[in-house]
Student: 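Once you've had a glance at the structure underneath, I'll fire off some questions.
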Amino acid sequence: MNSDMIAGNWKQLTGKVKEQWGKLTDDDLTVIEGKRDQLVGRVQERYGIAKDKAEEQVSSWEKQL
């Protein structure tokens, strides 16, 4: 699934995002609104990891969709 499809189906995907990254809050998900760069940034912030690691996690998650 590409980033355009994720943005278009964001409401349906928020449950899957919460399963993957439980530390993300509903407020985080509202701010992200399907924007990939916002998701990477929030994962990086909440989990205290480097940007490249957050990018890898999001890419891996996208491939599973």
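Computed from a predicted model, the values in this text were never measured in an experiment.
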Student: If hydrophobic clusters are built by linking Ile, Leu, Val, Met, Phe, Trp and Tyr wherever their side-chain heavy atoms come under 4.5 Å apart, do L65 and M5 end up in the same one?
Tutor: yes

Student: Look up atom CG in L39 and atom CZ in R42, then write down how far apart they are to the nearest 0.5 Å.
Tutor: 10.5 Å

Student: Between E56 and K51, does any NZ, NE, NH1 or NH2 come within less than 4.0 Å of an OD or OE carboxylate oxygen?
Tutor: no

Student: Looking only at heavy atoms, what is the nearest atom pair of A54 and V43, with distance?
Tutor: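 For A54 versus V43, the nearest heavy atoms are CB-CG1, 4.1 Å.
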
Student: Hey, could you give me the CG/CD1 distance between D37 and I32, rounded to the nearest 0.5 Å?
Tutor: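 Output value for this atom pair is 10.0 Å.
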
Student: Just how far is it from atom NZ of K35 to atom OG of S3, taken to the nearest 0.5 Å?
Tutor: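 Here the interatomic distance stands at 12.5 Å.
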
Student: Using residues 14-24 as the side-chain source, report each donor-acceptor pair under 3.5 Å to any protein atom, sequence neighbours left out, with the distance given to one decimal.
Tutor:
from: T14; atom 1: OG1; to: K11; atom 2: O; distance (Å): 3.0
from: K18; atom 1: NZ; to: D26; atom 2: OD1; distance (Å): 2.3
from: W21; atom 1: NE1; to: Q57; atom 2: OE1; distance (Å): 2.9

Student: With the side chain counted from C-beta on, respond yes when I6 and R36 share a heavy-atom pair under 4.5 Å apart, and no when they do not.
Tutor: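 Sidechains of R36 and I6: no contact.
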
Student: Does Y47 share a hydrophobic cluster with L29, counting links as ILVMFWY side-chain heavy atoms below 4.5 Å and allowing steps through other members?
Tutor: yes

Student: May I ask you to decide if T30's main-chain N or O and W10's side chain share a donor-acceptor pair within less than 3.5 Å?
Tutor: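 Looks like no, no N/O pair under 3.5 Å.
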
Student: With rounding to the nearest 0.5 angstrom, report the CD to CG distance, E33 to D28.
Tutor: 12.5 Å

